[in-house]
Amino acid sequence: VPVLENGIYSIDVESSASMFRVVDCKLTSKDGKMSAVLTLSGTGYGYLYMGTKEEAAAADQSSWIPFVADSNGKYTYTIPVEALDKGIDVAAYSIKNAIWYDRMLTFDSNSLEKIGDVPVLEENEFCRSSSGYRIRWCNGSDMGLSAAGTWTDAGNCNRTVFTGGWICTQYSLHCDL
């Protein structure tokens, strides 16, 4: 599959495990990099990790991807997507069993449907605070600092206890205090 044009797409995602079912996925393609907001059918997984369960268990917790509950209480996760139509290793942390499980996700390019354009972030448009936030894009496997500024209002962000910051999953934007 050639590089997707910039945009937001709905896409079907196949999972290797029936207990790890993706019921919705919004894929964002921006400048040749892809990320996805996955919605799982249940609420049993506290974190995802891009890699195997062994790698996840050995990794620093800051590299774990926490859930964000949507308006229906479903757990969503924003993850990097390295390729379509190819199995991607993802480890999932079971809240109940307190262990990591290996999963494999495959993003089916045949199901791609463009549903929107990638928002262009103007200065003072999203994720704002008078105390100032660092703005980070989730692109690829690295959530590195890409811009900074002084903001005046919380905008379209959802407050999250586990990061002490703000997460705007609909824009693949992460704002830390």
Side-chain angles (χ1 to χ4, degrees), residues 1-15 21-41 47-51 62-72 74-90 105-130 132-160 162-177:
V1 173
V3 174
L4 288 177
E5 71 174 68
N6 285 357
I8 301 169
Y9 300 82
S10 65
I11 189 169
D12 293 338
V13 182
E14 296 172 26
S15 170
R21 192 163 55 91
V22 177
V23 295
D24 187 57
C25 182
K26 300 293 182 279
L27 180 83
T28 299
S29 178
K30 180 169 173 44
D31 300 331
K33 301 211 179 232
M34 296 180 292
S35 65
V37 178
L38 303 175
T39 304
L40 297 185
S41 61
Y47 297 94
L48 300 184
Y49 179 83
M50 303 311 294
S62 66
S63 64
W64 300 355
I65 300 165
F67 70 87
V68 174
D70 70 11
S71 59
N72 297 316
K74 295 282 189 187
Y75 285 10
T76 69
Y77 307 81
T78 301
I79 67 168
V81 178
E82 62 189 52
L84 304 179
D85 302 319
K86 171 188 164 208
I88 299 172
D89 288 327
V90 177
L105 297 176
T106 304
F107 292 79
D108 180 8
S109 67
N110 292 323
S111 67
L112 274 173
E113 181 183 336
K114 189 168 183 183
I115 57 173
D117 294 318
V118 176
V120 175
L121 291 179
E122 302 293 337
E123 186 175 353
N124 297 331
E125 187 174 355
F126 297 111
C127 293
R128 310 168 205 186
S129 163
S130 58
Y133 290 100
R134 292 175 301 146
I135 309 302
R136 293 195 279 178
W137 282 97
C138 309
N139 44 11
S141 59
D142 148 335
M143 287 179 56
L145 186 65
S146 66
T150 301
W151 313 96
T152 53
D153 143 73
N156 291 319
C157 297
N158 299 314
R159 185 75 173 141
T160 59
F162 50 81
T163 63
W166 299 87
I167 291 183
C168 305
T169 54
Q170 66 269 46
Y171 300 108
S172 296
L173 183 68
H174 186 102
C175 314
D176 276 336
L177 291 173

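- Among residues two or more places apart in sequence or in another chain, the ring-ring contact (aromatic ring centres under 6.0 Å, His included) test is passed with Tyr75 by Phe67.
- Ile79 is listed as a side-chain neighbour of Leu105, based on a closest heavy-atom distance under 4.5 Å.
- The side-chain heavy atoms of Met50 and Glu82, taken from C-beta on, include no pair separated by under 4.5 Å.
- Between Asp24 and Lys26 there is a side-chain heavy-atom pair separated by less than 4.5 Å.
- Taking both residues in full, the closest heavy atoms of Asp117 and Ile8 are given as O-CD1, 3.4 Å, listed atom of the first, atom of the second, then distance.
- Using a 4.5 Å heavy-atom threshold, the side chains of Arg21 and Leu40 count as separate.
- The nearest pair of heavy atoms linking Val37 to Thr78 is CG2-OG1, 3.6 Å.
- The minimum heavy-atom distance between Leu27 and Ala36, with the atom names listed, is CD1-CB, 4.0 Å.
- When all heavy atoms of Ser111 and Asp12 are compared, the closest pair comes out as OG-N, 2.7 Å.
- Residues Leu38 and Phe107 meet the side-chain proximity criterion, which asks for heavy atoms closer than 4.5 Å.
- Distance check, rounded to the nearest 0.5 Å: CG of Asp85 to CG of Asp108 gives 6.0 Å.
- Within a 6.0 Å sphere centred on NZ of Lys86, heavy atoms belonging to other residues, nucleotides or ligands number 12 at most.
- Put simply, the side chain of Lys74 gets close to the backbone of Ser41: a donor and an acceptor are under 3.5 Å apart.
- Using a 4.5 Å cut-off on side-chain heavy atoms (C-beta onward), Leu84 and Leu4 make contact.
- Annotation for Tyr49 and Ser63: closest pair CE1-OG, 3.4 Å, computed over non-hydrogen atoms.
- Under the side chain to side chain contact (heavy atoms under 4.5 Å, CB included) criterion, Ser10 pairs with Glu113, Ile115, not counting sequence neighbours.
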- [ ] Would you check, one step at a time, whether the test side chain to side chain donor-acceptor pair (under 3.5 Å) holds for Thr76 with Asp70?
- [x] CA-CA 7 Å; Thr76 69; Asp70 70 11; over 6 Å; no

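- Here the closest non-hydrogen pair linking Thr106 and Gly87 is OG1-CA, 3.6 Å.
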